[in-house]
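Here the structure is laid out as structure tokens; the discussion comes afterwards.
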Amino acid sequence: MSRQVVRSSKFRHVFGQPAKADQCYEDVRVSQTTWDSGFCAVNPKFLALICEASGGGAFLVLPLSKTGRVDKNAPTVCGHTAPVLDIAWCPHNDNVIASGSEDCTVMVWEIPDGGLTLPLREPVVTLEGHTKRVGIVAWHPTAQNVLLSAGCDNVILVWDVGTGAAVLTLGSDVHPDTIYSVDWSRDGALLCTSCRDKRVRIIEPRKGTIVAEKDRPHEGTRPVHAVFVSYGKILTTGFSRMSERQVALWDTKHLEEPLSLQELDTSSGVLLPFFDPDTNIVYLCGKGDSSIRYFEITSEAPFLHYLSMFSSKESQRGMGYMPKRGLEVNKCEIARFYKLHERRCEPIAMTVPRKDAISRLEEEMKKLQATVQELQKRLDALEETVQAK
């Protein structure tokens, strides 16, 4: 009889815990715009979410502590003349947020401490350079005042927010079609992009050169998303030829074959990956799904290990991811998501059980197994008695 060996991992028992009703944000009108972004951005001070607005584009900014029902007349950030598609908080200043919109502009805003008391219409700076709608904004992880934007004009611009000037342009000669995703490496030295031409590219932005590229990482025609992960690898999410959702892990130096490729399900929602470099866990959140899957990435084969899945009844319209410095580590929290429903935002804490809790569970499992063995013995004895008669 062979014994199955379970892989040892600190995060095998990670579980998701949704917040209680009084810790949620109620009566928020989440945007109905069709776009593959999270529609939500969060930092240790504020929660921002793209909301429905008449006559332009707007997003709502709330202090994290302001839970409960949100006033329908709550002030918004409403300087765009068309729907907002993406928002991102500055990692170096918790009061600064950038937004990209269908009006072809990127705007940078400063939110006062304590939140908004009046509608905010005047940005700190307006960045104009795209000729079509701007669907992606991403701050540089290590350099201050450096912001990236990607538009449906197939152009990536890197801005110096202090001067309002574009310091780098990656034009349509690099990306001949719509850009689906852009991700900075952890040190900000490289970019990883996915495009409608079915190619994933790794770009050195200072030189504007393509370091490596992979044609058709997933065989399907639906959008692909790509992010940098640890150990010099990238992770992609996409679809197979039979429209099954897939997740794949690639070595950036050898992109010929994936290190790991797993098929998940046949849902149609695009999977948005969120990677935590401290724990090497990647979380996959699908728009329209009601679950969050999470995997652990290791340096040894098979490299990508499925951990578990958090499920709930209601589907998600978007998702925000809290930076590590905003977590309650004394409660063993390793990640926190802000799940957007149609009229509500619900925090979900990812927690590692304490060692004593795991020990108690293991002891209960042993007792349960002993009880099952005892019952099996009694059943066998009863069968022997019946056969003897």
Side-chain angles (χ1 to χ4, degrees), residues 37-38 41-46 48 59 61 77 79-80 84-101 103-111 122-175 179-195 201-211 225-229 234 252 274-275 277 320-326:
S37 74
V42 64
N43 68 19
K45 276 189 178 180
F46 298 106
F59 59 95
V61 177
V77 180
H80 286 286
V84 177
L85 298 179
D86 197 19
I87 49 177
W89 288 104
C90 176
H92 305 103
N93 186 339
D94 285 342
N95 294 68
V96 173
I97 188 170
S99 58
S101 166
D103 63 11
C104 309
T105 66
V106 177
M107 293 184 179
V108 179
W109 312 83
E110 186 167 6
I111 308 298
E122 291 299 322
V124 176
V125 62
T126 300
L127 307 173
E128 296 177 329
H130 288 283
T131 56
K132 290 187 179 178
R133 59 184 180 172
V134 181
I136 299 169
V137 289
W139 291 92
H140 194 285
T142 57
Q144 276 192 310
N145 288 340
V146 177
L147 176 68
L148 175 148
S149 63
C152 290
D153 51 5
N154 313 335
V155 173
I156 291 176
L157 295 174
V158 178
W159 305 88
D160 180 345
V161 174
T163 62
V167 294
L168 177 72
T169 302
L170 298 174
S172 53
D173 55 324
V174 180
H175 298 95
I179 300 163
Y180 286 142
S181 73
V182 182
D183 185 53
W184 289 102
S185 61
R186 198 176 178 192
D187 60 0
L190 297 172
L191 290 173
C192 180
T193 67
S194 62
C195 181
R201 296 172 175 85
I202 298 170
I203 301 167
E204 190 173 334
R206 289 177 181 84
K207 295 179 181 177
T209 56
I210 298 172
V211 178
H225 280 247
V227 292
F228 282 104
V229 294
I234 58 170
T252 54
F274 297 91
F275 178 64
Y321 180 64
M322 172 67 81
K324 189 60 65 74
R325 56 199 171 84

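All values below come from the heavy atoms of this structure, side chains included, with hydrogens, waters and symmetry mates left out. Start at 1 with the first residue, then count along the sequence.
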(message) Going by salt bridge (Lys or Arg N to Asp or Glu O under 4.0 Å), name the residues that satisfy it together with K132, two or more places apart in sequence or in a different chain.
(response) none

(request) Report the C-alpha separation of R201 and C195 in whole Å, then their side-chain angles, then the decisive distance to 0.1 Å, and conclude whether the side chain to side chain contact (heavy atoms under 4.5 Å, CB included) test is met. (result) CA-CA 8 Å; R201 296 172 175 85; C195 181; 3.6 Å; yes

(message) Minimum heavy-atom separation for C192 and I234, please, with both atom names.
(response) SG-CG2, 4.1 Å

(request) Enter the distance from W184:CH2 to T142:OG1 here, rounded to the nearest 0.5 Å. (result) 8.5 Å

(message) I need the minimum non-hydrogen distance between P141 and S185, along with the two atoms involved.
(response) CG-O, 3.4 Å

(message) Once rounded to the nearest 0.5 Å, what's the spacing between atom CD1 of I156 and atom NE2 of H175?
(response) 4.5 Å

(message) Nearest 0.5 angstrom please: L147 CG to H140 NE2, how far?
(response) 11.5 Å

(request) Can you spot which of I202, L190, V211 makes a side chain to side chain contact (heavy atoms under 4.5 Å, CB included) with T252? (result) I202

(message) Determine whether V77 and I111 satisfy the following criterion, side chain to side chain contact (heavy atoms under 4.5 Å, CB included), listing intermediate values before the conclusion.
(response) CA-CA 9 Å; V77 180; I111 308 298; 4.0 Å; yes

(message) Measuring from atom CG of L191 to atom CD1 of I210, what distance do you get when rounded to the nearest 0.5 angstrom?
(response) 11.5 Å

(request) Search all heavy atoms of R325 against all heavy atoms of P44 and return the closest pair with its distance. (result) NH1-CG, 3.5 Å

(request) Find the distance between CZ (F46) and CD1 (I97) and round it off to the nearest 0.5 Å. (result) 9.5 Å

(request) Please name the pair of heavy atoms, one in H80 and one in S99, separated by the smallest distance, quoted to 0.1 Å. (result) NE2-OG, 2.7 Å

(request) Kindly write out the residues that satisfy salt bridge (Lys or Arg N to Asp or Glu O under 4.0 Å) with D103, not counting sequence neighbours, or none if the list is empty. (result) none

(message) Once rounded to the nearest 0.5 Å, what's the spacing between atom OG of S101 and atom CG of L85?
(response) 6.0 Å

(message) H225: which residues meet the ring pair (Phe, Tyr, Trp, His ring centres under 6.0 Å) condition with it, sequence neighbours left out?
(response) none

(request) Locate the shortest heavy-atom distance separating S181 from S194; write the atom from each residue and the value. (result) OG-OG, 2.7 Å

(request) Quickly, which of V108, N43, V161 forms a side chain to side chain contact (heavy atoms under 4.5 Å, CB included) with V96? Name it, please. (result) V108

(request) Work out which heavy atom in W159 is nearest to a heavy atom in S149; give both atom names and the distance. (result) NE1-OG, 2.8 Å

Can you give each donor-acceptor pair under 3.5 Å made by side-chain atoms of residues 162-174, sequence neighbours left out, with the distance rounded to 0.1 Å?
residue : atom : partner : partner atom : Å
T163    : OG1  : D160    : O            : 3.4
T163    : OG1  : A165    : N            : 3.4

(message) Applying ring pair (Phe, Tyr, Trp, His ring centres under 6.0 Å), can you list everything that pairs with F275, at least two apart in sequence or on another chain?
(response) none

Using distance only, find each side-chain donor-acceptor pair of residues 86-93 under 3.5 Å and give its atom names and separation, not counting sequence neighbours.
residue : atom : partner : partner atom : Å
D86     : OD2  : V137    : N            : 3.0
W89     : NE1  : A41     : O            : 3.1
N93     : OD1  : N95     : N            : 3.0

